[in-house]
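Heads up, the thing below is written out as structure tokens.
Start at 1 and go down the list; that is how both ligands and their atoms are numbered. All residue numbers in this chain count up from 1 along the given sequence.
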Amino acid sequence: MRALSSSTKIVFLGLAGLSGLQLCLGQVVASVMAASSDLLDASHILHFLDVVDAFGHASVRNPANASQFLMTFAIAPAQATSQSIVTYEVDNATAVQLTFNSSVVGSAVPTGFAERFIHSEIFKRFPDVLGVVHSHTQEILPFANQADVPLVSEIHTSPAVGSQGAPIFDARNLPASVLPESQLHDLLIRNEALGDALAKTFTNDSQVVLMRGHGMSIRGPSLRDAVFNSFYIKQDATVQFQAILLGGGRTSPKALNPREVTDTGTTALTLVSRAWSLWAQQVDNEVLYTNDLRNGAKPSPTGF
Ligand SMILES: *[C@@H]1O[C@H](CO)[C@@H](O)[C@H](O)[C@H]1NC(C)=O
Ligand SMILES: *[C@@H]1O[C@H](CO)[C@@H](O)[C@H](O)[C@H]1NC(C)=O
Ligand SMILES: *[C@@H]1O[C@H](CO)[C@@H](O)[C@H](O)[C@H]1NC(C)=O
Ligand SMILES: *[C@@H]1O[C@H](CO)[C@@H](O)[C@H](O)[C@H]1NC(C)=O
């Protein structure tokens, strides 16, 4: 489905002479252009909405090759441009090339995020997942650091949390076969084994895994969904925390029940494009962010 036929590529290349931008972007096919533009928007929007700060990252599965994903090299998300986007192998998070400069390959690609294995292993385990976000969002950390009060869906825009309690990945519970004594115990997901252990922590009920002392990882059926869910999971954590305080810490606030989670999940999917349209315009109006693909990529009705 996602692979483009060679005739599609030839048609696109034939059209590529139409604009200077497309000309200099050479052989990047239209679907990859659109996914890359979404990746830049996602990186900027997550910063604009205070989901990420200097750290954190987003990625999108390559729409032209499901065995690859697109992610920037190690750079603050707010500063990402098309020149920071790298094509990676899902198999082992190895850099293939700079997505927009095919002459920069393999080890010549600038150093990637140590934690790109979060993304590769989630894409590997879940073939339907097309977008991943990892962040250190402060609001969710109290819920990541203890298991007594699980994070649950409290508001109709955050069914992605689920009703059973978001699972917590605790590096301290890993066997030595996954995290040997000889390796850094710095909570970072630095290799395939750790990424695999994290990906296995997802439950069917929840699109987020909280990470003790660290942050959260979110999977989505599209990158736009993953960004939407990241923001509303942050809002959800604030609401739950405030509701607990308001109840004097004695009562557990009411979560959405499984039926409400399912039905608001269906509704939330229809809300993503409206939110995305607003957020994309907001980051466009800020000089800090540069999406240099904005006019080179066809708007995508669904995102990736
Ligand atoms: C898709 O990506 C994989 C992994 O990088 C690569 O081995 C394969 O050749 C690619 N397929 C195409 C059609 O480019
Ligand atoms: C990474 O995975 C790709 C695709 O399976 C493979 O071609 C490549 O050799 C692997 N690279 C390393 C360093 O393991
Ligand atoms: C691609 O990268 C090479 C090597 O760094 C550089 O010489 C070239 O100018 C780059 N091409 C574009 C279009 O940026
Ligand atoms: C989770 O979903 C998968 C795929 O639909 C299913 O095979 C599995 O049984 C489910 N697991 C649980 C615990 O419900």
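- The protein heavy atom nearest to atom 5 (O) of ligand 2 is Asp91 OD2, 2.7 Å.
- A donor-acceptor pair under 3.5 Å is formed between the side chain of Gln146 and the backbone N or O of Pro142.
- Atoms of ligand 1 found under 4.0 Å from any heavy atom of Asn65, numbered from 1 in the order shown, are 1 (C), 2 (O), 3 (C), 8 (C), 10 (C), 11 (N), 12 (C), 14 (O).
- Using cut-offs of 30° and 60° on the angle between ring planes, the pair Phe231 and Trp279 is perpendicular.
- Aromatic ring centres of His134 and His119: separated by at least 6.0 Å.
- The nearest protein heavy atom to atom 11 (N) of ligand 4 is closer than 4.0 Å.
- Side-chain contact annotation: Thr266 with Asp263, donor-acceptor N/O pair under 3.5 Å absent.
- You'll find the ring centres of Phe113 and Phe55 outside the 6.0 Å limit.
- Here is the list of ligand 1 atoms found below 4.0 Å of a heavy atom in Glu89: 4 (C), 5 (O).
- In this structure, Arg212 is not positioned above the aromatic face of Phe169 in the sense of NZ or CZ being under 6.0 Å from the six-membered ring centre and within 45° of the axis.
- Nearest protein heavy-atom neighbour of atom 6 (C) of ligand 4: Asn204 ND2, 4.1 Å.
- For atom 13 (C) of ligand 2, the closest heavy atom belonging to the protein is Thr94 OG1, 3.9 Å.
- Asn92 ND2, 3.1 Å is the protein heavy atom nearest to atom 14 (O) of ligand 2.
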